[in-house]
Every structure is written in structure tokens, then in C-alpha cells.
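Starting from 1, each residue takes its place in the sequence as its number.
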Amino acid sequence: MKKILAVVITAWLASSVAQPAIAKPAPKHVPASIELQHTAWTARDGVPPNIRDIEQTADGWLLLGGDEGLYRFDGAKFELYQPRSGSLFSGGVLAMGRLSDGRLWISSDGASLALLQDGVATTYGDADGLPRASFYKVVQEANGRLWVASSIGIHQLEPGAKRWHDANAAVGLPSKFAALDLMQDRRGTFWLLSTAGLFSRPAGAKVFSKVMDRQVAGRLEETPDGRVWASEPGGRGMQLLYAPPDSKAAVPDMSMADSIKFMFDRAGNLWLSGDEGVRQLTFEGGKTIVREFSMQQGLSGASVWALQQDREGNIWVATPEGLDQFRPRRVQEAQLAPMMTFGAPLLAGSHGDAWIDQYYYPALDATPVQYGPGGGDATLVKVLYRDPRGQVWSGARDGLWQVNGSQRVGIPPPEDIGKRRFIVILDMVMDGDGGLWVSFAGRGVFRLKDGAWTALGGMPELDKAVVLSMTADTAGRLWFGTMDNTVFKLEGGKVTKLGAQEGLKLGAIDAITPYRNGVLVGGQPGLMWFDGQLFRSLKGASEARFSGVKGVLLAPDGGVWLNSSQGLQAIDAREMAQAMQQPDYAVRVVQFNFNDGVRGISSSESSTPRLTRLSTGELLFATTSGVYRLDPQRYRTNPSPPPVYITGIWSDNAAQPLLPTQTEVQLPPSPESVRIDYTALSLTLPQRVQFRYMLEGVDTHWREAGNRRSAFYTTLAPGSYRFRVVAANEDSVWNTDGASVTLVVPPTLVQTVWFKLLCAAVAAAALYLLHRWRLARTTARLLERMRTRLDERERIARTLHDTFLQSVQGLSLRFHSIKSALPGNTVAQQKIDDALDAADAVAKEGRDQLMALRAQHLCRDDLATALAASGCAAAELHSVSFALHEQGQRRALVPEVQDELFAIGREAIVNALRHSGSATVTAQLSYGAAAFTLEVSDQGKGLDDEVRKTGQRERHWGLAGMRERAARIGAKLAIHSTPGAGTRVVVTLRAALAYR
């Protein structure tokens, strides 16, 4: 029975929400339109279908519950919501709301209830004590107890408990009924609207008491002034349940409020579903004013299913087909008499009054006075001008006129122009002498003074110039902007022509106004400033641009206002000052366009001026759709900096959602592309939210992203990066804290430190092996050269032995035979003996040379033995002590090396014995693993200064020979000598060259 009752009531409520409860006859009058800015999103924008409820989270997201589940919206994108912990029920959302502690409650079509906080979802069902029913409302008491109104009554969850319990009997309610709505007002009183009637439970009471019988669907709501209302469909409107005793405001007429779904906004206005859309009831001076907005005006659907006001004050309306937003307009359309001129000229007076088109307005809200004849193209006004004396001039198709109150006085035009049927006046200005300069289309510029016209004002330089705009500055100069990218300056009777050579590049000059020592000029391509020497372009920041500039107005504080094809644009005085000092500076621009209530753009017609400021400070500007007003000091601004969130990371097209508490993301190694999605929750004008971001470790400064909500990077190297993003709302209020996340890119195998160290080790090993190979080759070549030299020496020795010495010996024998044949003791025999002695000396010298060539003869034993024997023998001749020491294990030396080392050591020992004057001479042989060392040292007088400088003694070649021998075997020879402290001769040879 309970299931059947729940199904029936749910179906009844759903049908009541979808449409007005009872069809009503068409109203006798059509309500006025809601005077708020409207924006609609539909299925083409990603809106989920059939949104049943709207709620805003504590952190600013707009949540939408409907047939397809729970979605969230940041003002730019709709996305299905998934909690970071726990899970929500599948299926559609029936209702939802916020508890006093900030948690969200969500009920489903499938008889489930969920609580959501900080992305953590807790779902309750049968196992938690909740029956299978439809849940319409959850309320939290101050002590934390939760109440839920369902299709079968009231259930409670005590603080800290995990199970719900049926509370109908405990609070004095029937056992079976449908609790349609439950509310606790600011006094603590509970109100219950149900199929069993309307009940209340005052603060501190235990049970509910019935207030009245009711059996129709409805909702409860409390207004900001403390009144409690209940909807009562069926033609009875809203019903007042309670009003504070001190309430002095009149009870408004709510007979027009005939809907189940309704909401009071924070200003006390009532919003509800109307006959063909959404209806707004405002209460002004005790009167109820009804306004409506329907599909014909742009509403996304014909009926209202949900209403909500966000924390920025925007009103959100859900229809079956979409989502709508209503917010206050910054710019209001002026309610004027029917305009006769497309893009009418505007002229401000000195007392809040204005001339617009052919009307004079004592005040904008006052009844206008028509000064022109009206009707037809023949009298269209193109130019309005107020000269320095206060006289108003009107340039219309039927001529030039002075305007005095509601009368106008015609001024005869130049003679040949007056013959034309239509006259087109482009602009006018008065000089310091009271002369009125007027630009006539097709005829050029004329000056009117004392009733007489002067062609070109007497300035032939203006011949053939089509002047579109004129102005006079405080220095008495006149400036003329032409159609052909030229500006003329008239000063002291002299005309200066300025154009492309001075940097001007606007084409037709549609607007001109004095600024500093020059002028600001505007045209279709943009806005430029003439600084007295050159024209400089002004550019806007954050994708703002200047184009189609038809009106330029200087504010009293030095700021600049523009009427352009982009709408009304404002540049702050500080921004202008910065741009004047820094030519490339991009100025921040405040935009007022279709998002602020402006329809149309600045007209391409030649009417002027298009922009003016009343003496009250209010601005007026004209577009193709009407005239609009803005008070720069009073328009609504948004003071709230937007919360900023990073919503996801994409790496090589693979998504990685970012959890709210997540501060670090591990990316795959060597990502080719990384996309970082972010958002800012400013729902008033999300189109104007501005972002800046920076990836620390890659970017050196902030990147201006405009309204783009993604950042892109490629080929990130291994390491840790911190991504930061900040945002500003539509009024440039920045959240400088923003949001941040650390991105960690791990290295690939080839990018790891160990791999790099391994590569370095392999490279070092390769270099070492290459070095050893080259060393081996060098050693082999050296040994080969030494063997070749030894072979050559042996060949020469054999040759000397076999030829020269044998020949000398043979000659000696022949001379001996000749001698024996001669008589004894003769002079000839004596001469032969002398020759034989000489031959013996030659033979001895030859044998000595032969022994020198036979290297093995130098050191027949090992080096230590040979040096010891040679050193001891030499030491005896000089009466000096000699000793030889060995260090390390004795090793066999290469024969050729050993001979050269022996020769070097012997020479060093002999030199020390002969020249040092030392009492002792020592030789030491060191057999090291890396090198072999021969050292000969003494404690004598040391080398002479000349020897230390030249490296040898005059006419002595011992030291030079030692160096040559060392070089031949690849050894290093060093001589260390200190006067009075002795000399050390050190020979070092690498082990690879020394040992066998």
C-alpha cells in the first residue's frame, strides 16, 4: 500500500511541477517584460534535459538535478558530476537542497537519499532505516538532527546515528500521509505542508499541531522580512501563514501567484511559473507589479520546473528545454519618443537636459519637447552641436538651424548649396573668434562669420578634403578628420596636414577629440593618439579590441569612453597614462555590450555625436537599436573574486580528473602533450572571466589566457612542475590565490640518472680501451723503431768489423812484412813503426765505435748490477762513496730500454762524480706498477747558473745526450738542482714501455 501511495503522489507532484496546477483563462492584459538581462542555455549548449531542481554548492558550483542525474555548471560547461568518494544513486534526481551546515541533500527517483559534502557522498536506503519512498525535503535542526519529508511521512536521523527512524508518532502526526514540504523558519518554528493538512511546531514544542486542512500540492517559503508563505494552486494564489508582529509593510496582493513552484529572491521579489513562462512579482508602494518573460522573448521553455538565486544575486530558471539566467542590467535603454533618425545624434545641456534627434528633454525621464518639424527624410537631423556660448545648432537635411527652446531658426547655407533639395551636414565646430565651421557633404568646409560664408574658411589646404569630424581644443586649435586618412590642424592661421607619414592608418576619421597635447582619433580599424609628433595605435588587453569607433569622450578624471562596434568601452585614466608612457602597453578595457542590456551597435550612419555626458554625469550613447544610458558611478558591480579550480589533466589525450584535495599529479614519462583544464566560478558573466596561468619550471611570467579555460604544453622534460592559475570576474576583481597543482613527469629509462651514469661509464670505458689500444700501438711502433735501429747498428757493426777493421788489420800486416824486409834501425823502418802505431790507434778507435754500436755490450747483466759495477769503479777513481738502491720487486726490462737507461744512468753518475763535489752519490731504481723510475742524486754544489739556463755545459754534450736517449725510449727526464743542496736526475718510463 505504501509503494502504491508513493507512486501516485510522486506522479501527481511531477505533473504539478511541469505545468500550472489549473488551467486559467487568458489574462485580460499582457504583463510587462521582466526588466533584467536574460541569457539562455539549451541542449545545443550541453544542458541536461528536464532539470527538476537547482542548487549552489558552498564552493560555488551550480548543481542541476534532472532525469539524467546530477550535473554541475561553471557558467561555461555542463558536466556530469561524480563524487570523489562514495557514489551517488543511478537514475534521475527528484529534489535537492542545502542544509544549514553546507551539506547538500539529493533524492532520487529510485527512493534513495544522499548527503554530499566536499565531494564525499553518503547514500541512505533500506539498510539504513529509510523506507522505499519519495523524499521531497530535508531539514537540519540547530542540534544537528535531520528531518526528511517523504511520501509516507517524517523520518529523523539523530546526530552521530547511522540509522533513520519513523518519527510520525513521536511528533504527533498521522501514521500515513504525504509530507510535501517541510520548513523551519528563522524563529525555529517548523511548518509542514502535507496531504493531511498544514501543521506547525513552535520552537521547543514536542509535537505538531494542525493549522488548517489542505489536500493540494504546494510549497513553503520564508521572505527576507520573516513572513511565511504557502503556495495554494487553484486560483487562490499565495497564502500568508505568518507575519512578524513588528512588520509594518503592507501585505502584498498575491492573487496572481498561482503556482506550486515559487521563490522569493533576496530583494523580496517573488518568482514563479507563469502562464507562458516565468513571472516576477515586485511590490512597490503597496502595489503588486507583475512582469513576465516567455518563449517569445527568448525563454528556453514554456514552463518553469525549478528556481534558484545564486550568491552573486543571479536568478536561475530551469525549463524542460533548458536553463535561463536573469541578472540586473548595467545599461538601461532610455525611454524616449519615437526616433526619426537611425543612430540619432545626442547633445547634453548644462542642467541634466539633452537634445536627442528632434526633441529637447528637460530631463531624461521628462516629457520631451519637439523642436523640429518631424516626419519624412527631408528633416532628419544628422548633427547637433552646442557652441562655447551655449547656442545649440542643428544640422538637418533641410538645412542649418539655430535651436532656441522649442523653436528653430534657419540659417541660409552657402549660395550654391542652398539650391539643393537635400543638404547633408557632416559636422560643425566654432573657433575662438566665433566663426562656425561647417562640413557639407560634397562641397567641403565653409566658415560662417557675421552672416557671411567663406569657402574652405580661407584655407586652400582644405580644398577637396571630405571632413567627417571636427573638434576644438583648449589652446584654440581646430582639428579636422577626413575620409582619406588625413587630419588637418589649424593653428594661428596655419594649416598642418597629418597623415600616413606621421603613422596615421585609420582611413575615414569618424571621431576626433582633444587629448593632452594632441587628439584621439577613431575609425573603423581602431583608435589612435596623436602625441604632437606621431600617431600611435592603442590596443586592448585580454582580447579586447577597438573597431568601428564612432564616438570618443574624455571623462573628467582623464579616462576615455568609446562608442564603437564593440559597444560602449571604458579605459581607466591610469591605463591611458600607462599607454602614453609605454607604446606597446595593452590597456584594460571595460565592456558594455549585449551582455549588459545593449542591443545593436554603433550605426554606420554619419550622425554625430553618438556619445555624450549629461551634466549629472550619466552617459548617453546611440546604437542601431536605440539610445542607452549608463551612470559610471552607480552601475552594479560584482565585488566577489571568483573561486578558481583545476578540474582535470590531459596527457597525450588521456584524461586524468583532478580531485578537490589533490595537490600532485603523476604524468606518464615523456608526455608529448599536456592539457590542464581549469575554471572560475563567477556565474554572473562567465563570458568575461579572465584567466592567467603559469607553469613554474617552464614559464618565466604569467600567460594571459583571456576567457580560455585550458592550458597546453608539449614535450615536458622529466622533473617537477607547479601549475598556477588565477582569475578575475567581469569587473576585474582578481582571485590572486587561485589554484595550483604539482605535475611530476618521471623519466623514461633513457632519461634516468642511472642510465646516464651507465652511459658515461660505458663511454669512459670505451675511451680507456681506445687509449690502451692507441698506447699499445704507439708502444709497438716505438719498439719496432728501436728494433730497427738496433738491427741497423748491428749491421753497421758487422760491416765495420768485416770490412774496415779487417782492412786496417790487413794493412798493418802488410806494413809489418815491409818492415821486416828493411834493414834494421833505419829511418824508413822508424817511420813504418810510427805508421803502425797510428794504425793500431785507428783500429782501437774503430773497436770502441763497434762496441758502442753493439748495445748489448753496454749492459750485459741486469741494469742494477751493471750500474752498480760501473758506478763503483768510477767512484774509486774519484775517491767518492757510491751506493745503489732498489725499490719494489725487480723486473726484467726491455733490452733496448735497459741499454739506454744504463747509458743515461752512467752519464748521470759520472757527471755527479766529476762536477758536484759531493762526498756521496746515490742511484735508486724503482720498479712501480705504473712506471719505472731511475734516480741519481748527490748533495753537492748543484748546477751552475749557466747550465740551469741553457741545459748543458759549453762544449759538453752529456746532458743533451741523456735527453736524446730518454726521448728515444719514450721516457721523461727531469733535472732538479738547488744551489748548495745538490742535484737529482730523474728518468720516468711507463711500465708498458719499460718491462718485458
Side-chain angles (χ1 to χ4, degrees), residues 385-388 427-435 437 439 445 447 457 459 461-462 465 467-523 525-541 546 549-564 569-589 608-613:
Y385 174 66
R386 188 166 176 258
D387 67 29
D427 205 355
M428 61 184 84
V429 70
M430 183 170 283
D431 59 29
D433 294 333
W437 295 72
S439 176
V445 177
R447 181 175 184 264
M459 302 295 168
E461 295 88 348
L462 300 178
V467 177
L468 300 179
S469 53
M470 303 178 176
T471 192
D473 61 23
T474 56
R477 295 173 296 191
L478 297 185
W479 301 82
F480 306 98
T482 73
M483 181 176 285
D484 60 351
N485 196 54
T486 303
V487 170
F488 290 97
K489 179 178 70 172
L490 175 58
E491 182 178 16
K494 179 181 177 182
V495 175
T496 303
K497 183 178 181 181
L498 308 168
Q501 189 172 356
E502 287 73 29
L504 185 61
K505 47 184 177 181
L506 290 180
I509 310 300
D510 294 317
I512 186 168
T513 194
Y515 186 76
R516 296 197 172 189
N517 192 41
V519 286
L520 286 171
V521 290
L527 180 68
M528 301 190 78
W529 172 53
F530 181 66
D531 61 4
Q533 301 293 328
L534 297 172
F535 287 89
R536 290 164 40 189
S537 294
L538 274 77
K539 60 182 180 180
F546 307 118
V549 178
K550 297 291 185 179
V552 181
L553 184 67
L554 186 63
D557 63 357
V560 174
W561 291 86
L562 307 175
N563 185 2
S564 71
Q569 297 176 299
I571 308 173
D572 185 81
R574 290 168 296 185
E575 292 292 301
M576 288 295 296
Q578 184 76 10
M580 300 305 101
Q581 298 173 4
Q582 191 175 337
D584 293 334
Y585 181 73
V587 296
R588 293 184 178 89
V589 182
T608 188
R610 302 288 181 80
L611 174 63
T612 191
R613 182 178 56 254

(request) Nearest 0.5 Å please: distance from the CG atom of L462 over to the CZ atom of R447. (result) 12.5 Å
(request) Please identify each residue that fulfils side-chain hydrogen bond (donor to acceptor under 3.5 Å, both in side chains) with T482, with sequence neighbours left out. (result) D484
(request) Give a yes or no answer on whether the side chain of S439 reaches the backbone of V467 with a donor-acceptor pair at less than 3.5 Å. (result) yes
(request) Return yes if some donor-acceptor pair links the side-chain N/O of D473 with the main-chain N/O of A475 below 3.5 Å, else return no. (result) yes
(request) Name all residues meeting the side-chain hydrogen bond (donor to acceptor under 3.5 Å, both in side chains) criterion together with R613; count only those two or more places apart in sequence or in a different chain, and write none if there are none. (result) none
(request) Enter the distance from T612:OG1 to L553:CG here, rounded to the nearest 0.5 Å. (result) 6.5 Å
(message) Let me confirm one number: the CZ-CG distance from R477 to D431, rounded to the nearest 0.5 Å.
(response) 14.5 Å
(request) Could you grab the distance from atom CZ of F488 to atom CE of M459, nearest 0.5 Å is fine? (result) 12.5 Å
(message) On a heavy-atom basis, which atom in D427 and which in M470 lie closest, and how many Å separate them?
(response) OD2-N, 2.9 Å
(request) Side-chain contact test, heavy atoms from C-beta onward, threshold under 4.5 Å: evaluate it for V552 versus Y515 and give yes or no. (result) no
(request) Calculate, to the nearest 0.5 Å, the distance between atoms CG and CE belonging to L534 and M528 respectively. (result) 9.0 Å
Check: residues 569-580 side-chain donor-acceptor pairs under 3.5 Å, at least two apart:
from : atom 1 : to   : atom 2 : distance (Å)
Q569 : OE1    : S564 : OG     : 3.0
Q569 : NE2    : R545 : O      : 3.0
Q569 : NE2    : Q591 : OE1    : 2.9
D572 : OD2    : R574 : N      : 2.8
D572 : OD2    : R574 : NE     : 3.1
E575 : OE1    : Y585 : OH     : 2.9
E575 : OE1    : R588 : N      : 2.9
E575 : OE2    : Y585 : OH     : 3.1
E575 : OE2    : R588 : NH1    : 3.4
Q578 : NE2    : Q582 : OE1    : 2.9

(request) Name all residues meeting the side-chain hydrogen bond (donor to acceptor under 3.5 Å, both in side chains) criterion together with D387; count only those two or more places apart in sequence or in a different chain, and write none if there are none. (result) R389, W393
(message) Among L527, L562, V560, V589, exactly one meets side-chain contact (heavy atoms from CB on, under 4.5 Å) together with L538. Which residue is that?
(response) L527
Which donor-acceptor pairs under 3.5 Å do side chains of residues 491-514 form with protein atoms, sequence neighbours excluded?
from : atom 1 : to   : atom 2 : distance (Å)
E502 : OE1    : G499 : N      : 2.7
D510 : OD2    : K550 : NZ     : 3.3

(message) So for atom CD, which belongs to E461, do other residues, nucleotides or ligands contribute more than 12 heavy atoms lying within a distance under 6.0 Å?
(response) yes
(message) Once ring pair (Phe, Tyr, Trp, His ring centres under 6.0 Å) is applied, do any residues pair with Y385, and if so which ones, sequence neighbours excluded?
(response) none
(request) Report the distance from atom CG of L490 to atom CZ of F480, rounding to the nearest 0.5 Å. (result) 5.5 Å
(request) Evaluate the side-chain proximity of F530 to V487: yes if any heavy-atom separation is below 4.5 Å, no if none is. (result) no
